[in-house]
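Any value given below was found using the heavy atoms of this structure, including those in side chains, with hydrogens, waters and symmetry copies removed. Being a predicted model, the structure only gives us computed values, none of them experimental.
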Amino acid sequence: MTNSLTFAIPKGRILDEALPVMERAGVVPEDAFHDKANRSLTFATTRDDMRLIRVRAFDVATFVAHGAAQMGIVGSDVIEEFDYADLYAPVDLDIGHCYLAVAEPKGASATNGASHLRVATKYPNLTRRHFERQGIQAECVKLNGAMEIAPELGLAGRIVDLVSSGRTLKENGLVETDHILDITARLIVNRAALKTDPRVAALVEAFRADSENRKAA
């Protein structure tokens, strides 16, 4: 029996935009996937040889990089943060647009010439690299959420986080001070699976064709 393909998709902001793209490429989840009360992490698809797993965005990259899933969809922020050698991102899906930015309390003291900063973030690697380019050592406090209240509570002087509309920053008295990275959702594949399983290569081409068709429309 042919081994099943496992396709990893993220919970959260990207998922609603990803589902129509997946459907056009032939990746269609079973009806139970759309049941809000269903807490399962694994779902069948309309293909007998494929299943979906629905996990946190950071975990999508880990599952695919280590070959537990052959393909997936995740934001380019996650790809850049982990920089897994076994992960390949062949298609920009042109969805999930946002960006990574530095923010701090409005009216905060200037940090010109500072050599060390404490930063609250979900992205310690990207954050350190960003500040290193400015000659600043960033002490990163790793948080998985509620970044915006870290300065108010004295945990860190500034944050690095995803920004879409900027509303959450404003509502918490923060202002952007630097733009780090523009982000879109990408199709990711395990490099070994792409080389050895023609089904993976075929799906890459299906996603690429859909992306090109949308750009041409």
Side-chain angles (χ1 to χ4, degrees), residues 2-27 29 41-43 45 47 49-101 121-130 132-133 140 142-145 160-162 180-212 214-215:
T2 303
N3 291 333
S4 290
L5 291 174
T6 299
F7 195 105
I9 51 178
K11 302 175 181 179
R13 63 183 185 86
I14 292 175
L15 185 54
D16 287 344
E17 288 185 80
L19 287 171
V21 176
M22 292 163 54
E23 183 173 356
R24 290 192 296 269
V27 181
L41 300 178
T42 304
F43 298 89
T45 71
R47 289 178 51 151
D49 65 343
M50 179 185 290
R51 64 179 175 177
L52 296 180
I53 59 171
R54 183 169 58 190
V55 296
R56 294 181 183 275
F58 276 32
D59 294 335
V60 169
T62 302
F63 275 103
V64 175
H66 290 280
Q70 289 72 46
M71 308 181 71
I73 291 175
V74 79
S76 54
D77 53 320
V78 177
I79 299 169
E80 295 290 339
E81 174 65 17
F82 284 104
D83 195 24
Y84 284 125
D86 293 322
L87 203 65
Y88 177 46
V91 185
D92 184 344
L93 301 175
D94 197 28
I95 59 174
H97 290 267
C98 60
Y99 59 95
L100 195 65
T121 185
K122 191 178 180 179
Y123 303 90
N125 294 325
L126 281 168
T127 298
R128 290 190 190 99
R129 291 200 295 267
H130 171 73
E132 281 172 2
R133 289 193 289 269
C140 294
K142 180 72 158 50
L143 293 177
N144 292 316
V160 167
D161 201 11
L162 298 181
I180 297 178
L181 178 72
D182 288 316
I183 296 162
T184 55
R186 310 293 173 90
L187 177 73
I188 58 172
V189 299
N190 177 273
R191 290 184 184 275
L194 180 61
K195 291 177 182 178
T196 60
D197 194 326
R199 297 173 299 171
V200 174
L203 279 166
V204 169
E205 291 309 312
F207 277 96
R208 179 177 285 121
D210 177 71
S211 178
E212 290 174 353
R214 284 185 286 121
K215 289 175 182 177

I need the minimum non-hydrogen distance between [X] and [Y], along with the two atoms involved.
X     : Y     : result
Ala61 : Val78 : CB-CG1, 3.7 Å
Pro29 : Val27 : CD-O, 3.9 Å
Ile14 : Gly75 : CD1-N, 3.5 Å

Interatomic distance, [X] atom [atom1] to [Y] atom [atom2] [nearest 0.5 angstrom]:
X      : Y      : atom1 : atom2 : value
Tyr84  : Asn190 : OH    : CG    : 12.0 Å
Arg191 : Leu87  : CZ    : CG    : 7.5 Å
Leu181 : Leu162 : CG    : CG    : 9.5 Å
Ile95  : Ser211 : CD1   : OG    : 9.5 Å
Leu194 : Tyr88  : CG    : OH    : 7.0 Å

Within a strict 4.5 Å, meaning less than it, do heavy atoms of the [X] and [Y] side chains meet?
X      : Y      : result
Leu5   : Val200 : yes
Thr62  : His66  : yes
Thr127 : Leu100 : no
Ile9   : Val60  : no
Leu41  : Lys11  : yes

Side chain [X], main chain [Y], donor-acceptor under 3.5 Å:
X      : Y      : answer
Arg54  : Pro10  : no
Thr6   : Ala69  : no
Asp77  : Ile183 : no
Arg214 : Leu93  : yes
Thr45  : Met50  : yes
Thr184 : His97  : no
Glu81  : Leu126 : yes

_Audit row: Lys122, Asp161, salt bridge (Lys or Arg N to Asp or Glu O under 4.0 Å) steps and yes/no_ = CA-CA 7 Å; Lys122 191 178 180 179; Asp161 201 11; over 6 Å; no
*Taking only residues two or more places apart in sequence or in another chain, which ones pass side-chain contact (heavy atoms from CB on, under 4.5 Å) with Arg128?*
Pro124, Asn125, Glu132, Cys140
*Glu205/Arg208 under salt bridge (Lys or Arg N to Asp or Glu O under 4.0 Å): CA gap, chis, key distance, verdict*: CA-CA 5 Å; Glu205 291 309 312; Arg208 179 177 285 121; 2.5 Å; yes
_side chain to side chain donor-acceptor pair (under 3.5 Å) contacts in which one or both residues fall within residues 12-22, not counting sequence neighbours_ = none
*asked:* Applying salt bridge (charged side-chain N to carboxylate O under 4.0 Å, His left out) as the test, list every pair that has at least one member in residues 86-98; sequence neighbours left out.
replied: Asp92-Arg186
*Test Leu187 against every option in Val204, Val21, Leu203, Val74 by the side chain to side chain contact (heavy atoms under 4.5 Å, CB included) rule and name the one that passes.*
Val204
*asked:* Run Ser4 and Arg51 through side-chain hydrogen bond (donor to acceptor under 3.5 Å, both in side chains) and show every step you take.
replied: CA-CA 7 Å; Ser4 290; Arg51 64 179 175 177; over 6 Å; no
*Between Arg199 and Arg47, is a side chain to side chain contact (heavy atoms under 4.5 Å, CB included) present by the stated rule, with each step listed?*
CA-CA 12 Å; Arg199 297 173 299 171; Arg47 289 178 51 151; 4.2 Å; yes
*asked:* If you apply the rule ring-ring contact (aromatic ring centres under 6.0 Å, His included), what do you find for Phe58 with Tyr123, and how did you get there?
replied: CA-CA 10 Å; Phe58 276 32; Tyr123 303 90; 5.6 Å; yes
*Look at the aromatic rings of Phe207 and Phe7 and report parallel, tilted or perpendicular, splitting at 30° and 60°.*
parallel
